[in-house]
Every structure is written in C-alpha cells, then in structure tokens.
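Everything numeric here is computed off the predicted structure, so don't read it as measured data.
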Amino acid sequence: MPPRNWKRFRPNSLTDALRGCKDYALEKRGLSVARIADLMGASEDSLYGWLSKGRMPAVLIPTFELACGANFVSDWLAASAGRMVIPMPKGTKVNQEELLQITSDCSAAMTQLAAFYANPASVDTQALLEQLQRHLEQVASQHHNVRLFRTPELEFDQ
C-alpha cells in the first residue's frame, strides 16, 4: 500500500481523527501504540480503548497529538463546530513548483464550485469542501509570507 498523503487527510469523525493520529505516528515517526501510550503517561490498554471507542478525555488530546506529531483531533473538533481551521503559516519561501500547485488547486476548486452551482447534485460536496479548505490554507500561508516581507522577523540563529 502506498504511503498516505497526510497533507490532504481530513477525518470524518472523532474516531477517524484519533486513528489518523495513531497511523501518522506509526508511518512518519515509527511509534507504536505502546510507545504513544508511554509518551502520554497512560496505559496501552487505556489508549487502545480510547481509540476503539472514539472517546478520549479532552485533557489528554493535546498530549496525544504532541506524542503523535499530528493535530487531526483538534482540527476535527473545530471543524465539527463549524469553524475553519487554518494552520499557522511557517513563513517559508516558496518555489515555482509550489506556486504552480497553488494555482492548480485553486483552478480545480473553482471548476468544482462552478459545477456545484450549476448542478449541486452532480458534485461530491465533501471533495469540494476539502478543495476549498486546501485553497484557503495555501492563500493564508502566502498572505503571511507577504506580510513578513514588510516586517521581517529577527534571525536568532546567527
């Protein structure tokens, strides 16, 4: 099975978000459930129970996400409350390939949006929402980059 594209992963439920974090930790960081539980200070049995039932104590969610290295649970919780989640931009310089990808993603989102307004029943609304979310995240990141150009941050590593 080819590796999952984690940048495009959007959970559909809390259980999906919890398992997505666990799978990300295994694939990207080589962490087993036992190791995640150890990093959280919880028992392996408890973590397996929370993952299977989709119910984890809220105070443990940040610790779980930190151990896994992914924020899918927080993103899902915000999205399920009708909030749009856009990761904090890193302010990194983009290359030509990334700009072309932004243009391509924008074009695909606008094409799907036009098709949706022409005939809503013919469009996969979940896929359209994901495309629009991705486009907004990309534009927010570029907005941050341009703003940093006017007021650059100090370089502390020099």
Side-chain angles (χ1 to χ4, degrees), residues 1-95 97-102 104-106 108-109 112-113 116 123-145 147-148 153-158:
M1 186 163 101
R4 193 184 274 180
N5 184 350
W6 291 106
K7 288 185 178 182
R8 296 179 186 265
F9 176 70
R10 300 284 184 267
N12 297 319
S13 67
L14 182 56
T15 305
D16 194 27
L18 289 166
R19 291 180 182 162
C21 284
K22 174 196 58 93
D23 293 344
Y24 180 90
L26 179 61
E27 185 178 314
K28 294 293 185 180
R29 303 178 86 190
L31 298 175
S32 65
V33 171
R35 182 68 179 129
I36 295 168
D38 185 46
L39 290 170
M40 291 177 63
S43 73
E44 188 177 344
D45 292 337
S46 295
L47 184 54
Y48 271 118
W50 297 328
L51 293 172
S52 67
K53 295 174 188 165
R55 299 176 62 107
M56 177 181 282
V59 298
L60 293 178
I61 290 171
T63 307
F64 174 68
E65 290 181 330
L66 182 64
C68 293
N71 296 315
F72 302 133
V73 178
S74 296
D75 291 350
W76 181 83
L77 287 169
S80 69
R83 304 293 187 255
M84 181 170 291
V85 178
I86 298 176
M88 291 297 285
K90 305 257 188 294
T92 57
K93 187 174 182 179
V94 297
N95 58 35
E97 184 179 309
E98 289 174 299
L99 290 175
L100 289 173
Q101 184 64 49
I102 292 170
S104 172
D105 288 348
C106 176
Q112 286 295 312
L113 189 60
F116 172 77
V123 174
D124 178 5
T125 56
Q126 184 62 35
L128 175 58
L129 289 171
E130 289 174 9
Q131 285 179 319
L132 291 171
Q133 175 77 22
R134 187 168 35 261
H135 174 63
L136 289 171
E137 290 171 3
Q138 291 167 333
V139 171
S141 180
Q142 297 315 309
H143 180 272
H144 181 72
N145 284 344
R147 186 177 44 208
L148 283 180
E153 296 176 345
L154 297 174
E155 297 290 334
F156 289 112
D157 61 335
Q158 292 179 351

Does the side chain of Met56 come within less than 4.5 Å of Val73's, by heavy atoms?
no
Exercise. Determine whether Met40 and Thr63 make a side-chain contact, defined as any pair of heavy atoms from C-beta on separated by less than 4.5 Å.
Key: yes
Do the side chain of Gln112 and the main chain of Val123 share a donor and acceptor less than 3.5 angstrom apart?
no
In this structure, SG of Cys106 is separated from CG of Leu136 (nearest 0.5 Å) by 9.5 Å
> Does Leu128 reach the side chain of Gln131, with side-chain heavy atoms less than 4.5 Å apart?
Replying inline: yes
Tightest non-hydrogen contact, residues Ala34 and Glu44, listed as CB-OE1, 3.4 Å
Between Cys21 and Ala70 the two heavy atoms that sit nearest each other are SG-O, 3.7 Å
- Query: Which class fits the ring pair Trp6 and Phe72: parallel under 30°, tilted 30 to 60°, perpendicular over 60°?
  - Reply: parallel
Would you say Arg83's side chain and Leu77's backbone share a donor-acceptor pair under 3.5 angstrom? no
Between Leu39 and Ala67 the two heavy atoms that sit nearest each other are CB-CB, 3.9 Å
To the nearest 0.5 Å, atom CG of Asp124 lies from atom CG of Leu129 at 9.0 Å
Worksheet item: Within a strict 4.5 Å, meaning less than it, do heavy atoms of the Leu51 and Phe64 side chains meet?
Response: yes
Shortest non-hydrogen pair, Tyr24 vs Gly69, comes out as CE2-O, 3.3 Å
Margin query: Please determine whether side-chain contact (heavy atoms from CB on, under 4.5 Å) holds for the pair Glu98 and Asn95, giving the CA-CA distance in whole Å, both sets of side-chain angles, and the decisive distance to 0.1 Å.
Written below: CA-CA 5 Å; Glu98 289 174 299; Asn95 58 35; 3.4 Å; yes
Rounding to 0.5 Å, atoms OG (Ser32) and NZ (Lys22) come to a distance of 10.5 Å
### Side chain Glu65, main chain Ser74, donor-acceptor under 3.5 Å
yes
Practice item. Taking the side chain as every heavy atom from C-beta outward, state whether Asp16 and Phe9 have any pair of such atoms under 4.5 Å apart. Key: yes
Separation between CD1 (Ile102) and NE2 (His135), nearest 0.5 Å, reads 9.0 Å
Separation between OG (Ser43) and CG (Asp38), nearest 0.5 Å, reads 11.0 Å
Separation between SG (Cys68) and CZ (Arg35), nearest 0.5 Å, reads 12.0 Å
May I ask you to test the Arg134-Arg8 pair for a side-chain heavy-atom distance under 4.5 Å? yes
Between Pro62 and Ala58, the two heavy atoms sitting closest are CD-O, 3.6 Å
Nearest heavy-atom approach of Gly54 to Thr15 is CA-OG1, 3.3 Å
Query raised in the report: Within the side chain of Ser141, is there an N or O that forms a donor-acceptor pair under 3.5 Å with the backbone of Gln138?
Result: no
Do Gln133 and Glu137 have a side chain donor and acceptor closer than 3.5 Å? yes
